Amino acid sequence: MTALDLDFVRSHFPAFASPVLSSHAFFENAGGSFPCRQVVDRLHRFYTDRKVQPYAPYPGAQAGGAEMDEARTRLAALMGVAREEVSFGPSTSANTYVLAQAVRKWLSGRDLAIVVTDQDHEANSGVWRRLADEGIEVREWKLDPATGSLSPAALKALLADGKVRLVCFPHCSNVVAEINDVAEICALAAEAGARTVVDGVSYAPHGLPDIPALGCDVYLFSAYKTYGPHQGIMVIRAAFGAELPGQAHYFNNGTLYKRFTPAGPDHAQIAACAGVADYIEALADQHGLTGDAAARNRGVHDLMRAQEEAVIAPLLDYLAARNDLRLIGPRDAARRAPTVAVDLNRPAEPVSVELGKRGIACWAGDFYAVRPLTAMGVDLEKGVLRMSAVHYTSPEDVTRLIAALDAVL
């Protein structure tokens, strides 16, 4: 495989030329990535030339509506789904909340169950657990407290009686970072008659998913963590969307991408999401990737993952060699996203402050992953130190991080 051209990649991110942002090696990507230049340019153009009600019969409105349509169409093509199956909302937490209200009505009054995990960010946990208020049984798929892993065998046991109609789980956790076998899990759920909702927020920044290959019914992620503006993106397959009661204005329920969007969309940010597609296409062109949009996206995904695995391995080696901390999640870079949380057995935030003084941008806390950290025995008052990379992270950034950790720990 051709190696990712890191100089080309970094040239597409204005942050690396910013006198404010470029002073620090950036390891807070799991909280929000830098936006690519194409997104910044599109957002600026929209606010300059198209900031009117879209689709009206005059030039600025027509151009604005066309760019919103372009974003949906091109992102759908990259992920291998129909354009109608891509919905935008203010955040993934909001999109998941709305989806849960639809499921509440779908399952209410029936002797049925859902499965949630204790590996998730709270956005893909709390809203589902509250369905117990409607008499829906909520079953917890528990992680291994030593490793943080989810066992498919344990899921099979939860599905065995045929009552489960929905399984909600993460592509990878924002603190454990182990990449779950989504295709295997979705196949198990489908065999048992259950739909699947996948929280992809912590995975999608490392390559947009191939939805048909995963086999899930819903995939949720955040554009602001995938080099775009602050929007939540939800892919909901048409068959499942048709089963669920609409949550929007009644006259919009016939349009799938409006059916679960009760609030007016942010026109500018939707339009700017087309810049994410621009960036992925630019990477595909630079690296000679061919085929349709989905094939080129798969190639970019693989380039990103190979770069991330190589760049994060020295950090994992360094941390694993220390006996004064606990590395959360897998030791092997190929099995995890490059989001690295460590339990220091002391308050982690002061350590992130000291790292900031040494040119490292990262943070500490619970990252709304209260359930997995609690299940793994982490003291929430102390929290974890989290250092997160993406494909634009350089080997020099990691070297700088390790040197700073050596000075602080």
Side-chain angles (χ1 to χ4, degrees), residues 28-33 35 75 85-106 114-134 138 140 166-177 180 195-206 208-209 216-236 240-241 244 246-248 257-266 269-270 272-273 276 337 339 341 363 365-374 380 383 386 388:
E28 179 56 7
N29 290 282
S33 65
L75 288 175
E85 295 178 318
V86 177
S87 300
F88 294 91
S91 69
T92 294
S93 294
N95 286 345
T96 310
Y97 179 86
V98 173
L99 184 66
Q101 304 323 302
V103 169
R104 181 187 298 272
K105 293 292 186 183
W106 179 55
I114 66 170
V115 169
V116 299
T117 86
D118 61 353
Q119 196 193 59
D120 281 275
H121 182 287
E122 191 62 16
N124 199 41
S125 189
V127 293
W128 302 116
R129 292 168 188 268
R130 287 196 288 275
L131 297 187
D133 297 342
E134 306 298 321
V138 177
E140 186 175 62
L166 191 70
V167 179
C168 308
F169 67 98
H171 200 153
C172 67
S173 160
N174 67 329
V175 288
V176 177
N180 293 315
R195 298 289 192 176
T196 43
V197 174
V198 179
D199 179 354
V201 171
S202 294
Y203 186 87
H206 314 295
L208 290 187
C216 55
D217 295 290
V218 179
Y219 193 95
L220 301 123
F221 65 100
S222 299
Y224 73 96
K225 297 185 181 184
T226 53
Y227 322 110
H230 201 110
Q231 281 287 282
I233 298 176
M234 179 174 69
V235 177
I236 181 165
F240 188 37
L244 297 176
Q247 300 297 301
Y257 67 81
K258 296 180 180 180
R259 188 174 176 87
F260 305 103
T261 309
D266 188 315
Q269 293 194 56
I270 292 173
C273 283
V276 176
T339 299
W363 211 1
D366 61 42
F367 302 102
Y368 286 20
V370 170
R371 296 179 198 272
L373 292 178
T374 299
L380 296 179
R386 191 177 73 174
S388 48

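By convention here, the first residue in the shown sequence is residue 1. All values below were derived from every heavy atom in this structure, side-chain atoms included, with hydrogens, water molecules and symmetry-related copies excluded. The model shown is predicted, which means the values in this text are computed figures rather than measured ones.
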Chemist: Looking at the rings of W106 and F240, which for Trp means the six-membered one, are their centres under 6.0 Å apart?
Modeler: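 So the answer is yes for these two rings.
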Chemist: Please test V218 against L220 for side chain to side chain contact (heavy atoms under 4.5 Å, CB included), starting from the C-alpha separation and ending with a verdict.
Modeler: CA-CA 7 Å; V218 179; L220 301 123; 3.9 Å; yes
Chemist: Between atom CD1 of I270 and atom CG of L75, what is the distance when rounded to the nearest 0.5 Å?
Modeler: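 Here the interatomic distance stands at 11.0 Å.
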Chemist: With side chain to side chain contact (heavy atoms under 4.5 Å, CB included) as the test, would you mind laying out the steps for R371 and D120 before giving the verdict?
Modeler: CA-CA 7 Å; R371 296 179 198 272; D120 281 275; over 6 Å; no
Chemist: Of all heavy-atom pairs between T226 and S33, which one has the smallest distance, and what is that distance?
Modeler: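 Here T226 and S33 meet closest at N-OG, 3.7 Å.
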Chemist: Are the side chains of F169 and T196 in contact, using a 4.5 Å heavy-atom criterion?
Modeler: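 Yes, close enough: below the 4.5 Å cut-off.
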Chemist: Just by distance, do the side chain of D266 and the backbone of P90 share a donor-acceptor pair under 3.5 Å?
Modeler: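 Not a single qualifying donor-acceptor pair exists.
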Chemist: Is a side-chain donor or acceptor of D366 paired with a backbone partner of L373 at a separation under 3.5 angstrom?
Modeler: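 No.
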Chemist: Distance-only, no hydrogens or angles: does the S222 side chain make a donor-acceptor pair with backbone N or O of K225 under 3.5 Å?
Modeler: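 Pair absent, no side-chain N/O of S222 close to backbone of K225.
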Chemist: Is R259 reaching over with its side chain to a backbone N or O of L244, donor-acceptor style, under 3.5 angstrom?
Modeler: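 Between the backbone of L244 and the side chain of R259 there is a qualifying donor-acceptor contact (under 3.5 Å).
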Chemist: From C172 SG over to Q119 CD, what is the distance, rounded to the nearest 0.5 angstrom?
Modeler: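 Rounded to the nearest 0.5 Å, the SG-CD separation comes out at 8.5 Å.
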Chemist: Does some side-chain heavy atom of P205 sit less than 4.5 Å from a side-chain heavy atom of F221?
Modeler: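 Of all side-chain heavy-atom pairs linking P205 with F221, none is under 4.5 Å.
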Chemist: How far does OH of Y368 sit from CD of E122, to the nearest 0.5 angstrom?
Modeler: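 Here the interatomic distance stands at 10.0 Å.
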Chemist: Considering non-hydrogen atoms only, spot the tightest contact between T96 and W128 and give its length.
Modeler: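 Smallest interatomic distance, heavy atoms only, reads CG2-NE1, 3.8 Å.
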Chemist: Begin with the C-alpha distance, continue with both residues' side-chain angles, and end with the deciding distance and a verdict on salt bridge (charged side-chain N to carboxylate O under 4.0 Å, His left out) for D217 and R195.
Modeler: CA-CA 6 Å; D217 295 290; R195 298 289 192 176; 2.9 Å; yes
Chemist: Kindly compute the distance separating CZ (F367) from CG (N174), expressed to the nearest 0.5 Å.
Modeler: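 It comes to 8.0 Å.
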Chemist: Taking side chain as C-beta onward, heavy atoms only, is P170 less than 4.5 Å from N180?
Modeler: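 P170 vs N180: side chains touch.
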Chemist: Using only atom types and a distance under 3.5 Å, with no angle test, would you say the side chain of T339 pairs donor to acceptor with the backbone of A177?
Modeler: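 The answer is no, because no donor-acceptor pair under 3.5 Å joins these two groups.
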Chemist: Parallel under 30°, tilted from 30 to 60°, perpendicular over 60°: which one fits the rings of Y219 and H171?
Modeler: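 Ring orientation, 0 to 90° scale: perpendicular.
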Chemist: Would a 4.5 Å heavy-atom cut-off, applied to side chains only, mark N95 and F88 as touching?
Modeler: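 SC-SC contact between N95 and F88 ruled out.
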Chemist: So, S388 side chain and A30 main chain: donor-acceptor pair closer than 3.5 Å or not?
Modeler: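 Side chain of S388 to backbone of A30: a pair is present.
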Chemist: Nearest 0.5 Å, what's the CG-NZ distance between L131 and K105?
Modeler: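 Interatomic distance, L131 CG to K105 NZ, rounded to 0.5 Å: 11.5 Å.
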Chemist: Short question: side chain of T92, backbone of G232 - any donor-acceptor pair under 3.5 Å?
Modeler: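 Side chain of T92 to backbone of G232, a donor-acceptor pair under 3.5 Å: no, none is there.
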Chemist: Salt bridge check: are E140 and R129 linked by an N-O gap of less than 4.0 Å?
Modeler: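 A salt bridge links E140 with R129.
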Chemist: For the pair Q269 (side chain) and H230 (backbone), establish whether a donor and an acceptor sit closer than 3.5 Å, ignoring hydrogens and angles.
Modeler: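 Present.
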Chemist: Check residues 197-204 and write down every donor-acceptor pair under 3.5 Å in which the side-chain atom is one partner and the other belongs to a residue at least two apart or another chain.
Modeler:
unit_1, atom_1, unit_2, atom_2, d
D199, OD1, V201, N, 3.0
Y203, OH, H301, NE2, 2.6

Chemist: Under a 3.5 Å distance rule, please check whether T374 uses its side chain to pair with a backbone N or O of V370 as donor and acceptor.
Modeler: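 Flag set: sc T374 to bb V370 pair under 3.5 Å.
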Chemist: Looking only at atom types and distance, does a side-chain atom of R104 sit under 3.5 Å from a main-chain N or O of L99, one as donor and one as acceptor?
Modeler: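 Not at all, since once roles are kept as given, no pair shorter than 3.5 Å links the two residues.
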Chemist: Using every non-hydrogen atom in the two residues, find where Y257 and V86 come nearest and quote the distance to one decimal.
Modeler: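 Scanning both residues, the minimum pair turns out to be CB-O, 3.3 Å.
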Chemist: Taking it one step at a time, do I236 and F260 satisfy side chain to side chain contact (heavy atoms under 4.5 Å, CB included)?
Modeler: CA-CA 9 Å; I236 181 165; F260 305 103; 3.8 Å; yes
Chemist: Go through Q231 and Y224 one step at a time and tell me if the side chain to side chain contact (heavy atoms under 4.5 Å, CB included) criterion holds.
Modeler: CA-CA 6 Å; Q231 281 287 282; Y224 73 96; over 6 Å; no
Chemist: Is the closest side-chain donor-acceptor distance between T261 and S87 under 3.5 Å?
Modeler: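 Result is no, nothing qualifies.
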Chemist: Distance from R386 atom CZ to N29 atom CG, nearest 0.5 Å?
Modeler: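 These two atoms lie 9.5 Å from each other.
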